[in-house]
Amino acid sequence: MTIRAEPEIIPPGAEPRRSRRLEDEQLDFLAALMDDLFRIPGTQLRFGLDPLVGLLPGLGDMLTGLVSALLLHAAWERGLPRVAIVRMLSNVALDSLLGSLPLVGDVFDVAWKSNRRNFDLLRKYEGSERRRQTMMDSLFLIGLLAAVLALAALPVVALVLLVNWVRGG
């Protein structure tokens with residue numbers, strides 16, 4: 001992947017533009033890194049870091065959930081319809097909940113690929129009319145981030161409860 005920077009003249013007091021194409025390439029790279037970086041030889045089966053990091057009990061699924069939040073933030077920044085953002089959150093929620101199950105969850109991560117699904121949703125809404133963000137959109141984002149943080153923390157809480165249960169406490 002070659003990324004070429006074009007020179008940009010920025011007037012005093014103005015913010016530099018961020019290339020949508022560069023941002024799309026970075027988000028596509030993030031989805032590939034998490035969901036389809038490696039291929040099992042002799043098959044079409046691809047997987048990324050998501051199931052590998054998910055092998056770390058509790059912490060791995062929390063970290064991958066936080067990485068998935070970057071795509072959700074990009075969707076909010078681009079003014080995607082709330083229904084699209086909720087679909088993206090559902091992909092992350094399902095990935096986080098089922099992904100937190102030992103071994104079975106990691107196999108599920110290989111098949112589900114929530115980051116790739118979410119990047120595809122971003123691309124699907126590319127070019128659609130961008131909405132201006134309102135106060136309700138900001139409150140929606142805060143609620144969305146709270147949900148993602150809760151989902152990211154859920155595997156850790158489940159692990160602590162499991163350890164306490166096994167120890168008889």
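Source: prediction; values computed, not measured.
Ring geometry for Phe108 against Trp112 counts as parallel: the plane angle stays under 30°, on a 0 to 90° scale with 60° as the upper cut.
Minimum interatomic distance between Leu89 and Ala147 (heavy atoms only, all atoms of both residues): CD2-CB, 4.2 Å. Nearest heavy atom pair, residue Pro51 against residue Gly48, reads CD-O, 3.3 Å. Considering all non-hydrogen atoms of both residues, Gly65 and Val92 come closest at O-CG1, 4.5 Å.
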Checking side-chain contact (heavy atoms from CB on, under 4.5 Å) for the pair Arg167/Leu162: CA distance, chi angles, key distance, verdict? CA-CA 9 Å; Arg167 289 179 32 201; Leu162 180 64; over 6 Å; no
Does Leu122 form a side-chain contact (heavy atoms from CB on, under 4.5 Å) with Leu71? I'd like the steps, not just the answer. CA-CA 8 Å; Leu122 270 178; Leu71 286 164; 3.9 Å; yes
Passes side-chain contact (heavy atoms from CB on, under 4.5 Å), Arg82 versus Met136? Steps please. CA-CA 11 Å; Arg82 288 184 186 153; Met136 287 304 293; 3.5 Å; yes
Between Leu49 and Leu52, does a side-chain contact (heavy atoms from CB on, under 4.5 Å) hold up when you go through it step by step? CA-CA 5 Å; Leu49 295 179; Leu52 297 177; 4.3 Å; yes
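Two different hydrophobic clusters hold Val157 and Leu159 under the rule that ILVMFWY side chains link at heavy-atom gaps under 4.5 Å. Hydrophobic cluster membership differs between Val107 and Phe38, with clusters built from Ile, Leu, Val, Met, Phe, Trp and Tyr side chains linked at under 4.5 angstrom.
Once rounded to the nearest 0.5 Å, the distance linking CE of Met34 with CZ of Phe47 reads 13.0 Å. One distance of note links CG of Leu139 with CE of Met135; it measures 6.0 Å at 0.5 Å rounding. Within the model, atoms CG of Asn118 and CZ of Arg123 stand 14.0 Å from one another, a figure rounded to the nearest 0.5 Å. Here the straight-line distance linking atom CG of Leu33 with atom CG of Asp28 works out to 11.0 Å at 0.5 Å rounding. Summarising the geometry, atom CG belonging to Leu37 is positioned 12.0 Å from atom CG belonging to Asp50; distances are rounded to the nearest 0.5 Å. Once rounded to the nearest 0.5 Å, the distance linking CD1 of Ile85 with CG of Leu80 reads 6.0 Å.
Counting only distance, with no hydrogens or angles, the side chain of Asn115 and the backbone of Asp35 share no donor-acceptor pair below 3.5 Å. Looking only at distances, a side-chain donor or acceptor of Arg39 sits under 3.5 Å from a matching main-chain atom of Thr43.
Remark: Lys113 does not engage Asp36 in a salt bridge, criterion side-chain N to carboxylate O under 4.0 Å. Ion pairing between a basic and an acidic side chain is recognised when a charged N comes within 4.0 Å of a carboxylate O; Asp24 and Arg78 show such pairing.
A 6.0 Å sphere centred on CZ of Arg46 holds more than 12 heavy atoms belonging to other residues, nucleotides or ligands. Residue Ile40 qualifies as enclosed at atom CD1: its count of foreign heavy atoms under 6.0 Å is above 12.
Ser114 and Asp95 are linked by a side-chain donor-acceptor pair at a separation below 3.5 angstrom, with hydrogens and angles left out of the test.
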